[in-house]
Amino acid sequence: LIWAKHAEEVWIQAEIITSTDKEIIIRTVDDPNGRVVLGPNEPIFLRTSDVFTSEGLSVLDDLTQLTHLHEPAVLSSLQNRFDIDKIYTFT
């Protein structure tokens, strides 16, 4: 599971299908049947899967506890917190 750069949404959730020295082929969450070819120098970041409990989407209270601490992970965490109306964090 990765984050890939996107022209309209800044970062988009995707997964790697195959990779070589010259290209990385990914499948985005929004279009599971489509394929996107990325160059070897295009930015991608690891992402964790969302965790759901009986109460709904589980979010961290402290952003320093994110497994992968980079721009797309922080933005996604903040968006998830906003979606469930828990906008304040410890950091």
Treating Ile, Leu, Val, Met, Phe, Trp and Tyr as nodes and any side-chain heavy-atom pair under 4.5 angstrom as an edge, say whether [X] and [Y] lie in one connected cluster.
X   : Y   : answer
V10 : V74 : no
I16 : V37 : no
I44 : W3  : no
I84 : F52 : yes
L78 : L69 : yes

Derivation of the side chain to side chain contact (heavy atoms under 4.5 Å, CB included) call for Q13 and R47: CA-CA 8 Å; Q13 297 180 20; R47 76 175 172 92; 3.4 Å; yes

D30 versus T28, side-chain donor and acceptor atoms under 3.5 Å: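 Not at all, the side chains of T28 and D30 share no donor-acceptor pair under 3.5 Å.
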
Whether over 12 other heavy atoms sit under 6.0 Å from F45 CZ: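 Enclosed.
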
Nearest 0.5 Å, please: how far is [atom2] in [Y] from [atom1] in [X]?
X   : Y   : atom1 : atom2 : answer
I24 : E42 : CD1   : CD    : 8.0 Å
I2  : L46 : CD1   : CG    : 8.5 Å
R27 : E15 : CZ    : CD    : 4.0 Å
S77 : L66 : OG    : CG    : 5.0 Å
L38 : I25 : CG    : CD1   : 9.5 Å
R81 : Q79 : CZ    : CD    : 12.5 Å

Heavy-atom pair with the smallest gap, counting every atom of [X] and [Y]:
X   : Y   : result
H6  : E9  : ND1-N, 3.0 Å
I26 : A4  : CD1-CB, 3.8 Å
P40 : D21 : CB-O, 3.6 Å

Within-4.5 Å side-chain heavy-atom neighbours: W11 and L75: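 Contact flag for W11/L75 side chains = yes.
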
Heavy-atom check, side chain of K86 versus side chain of N80, under 4.5 Å: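 K86 does not reach N80 side chain to side chain.
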
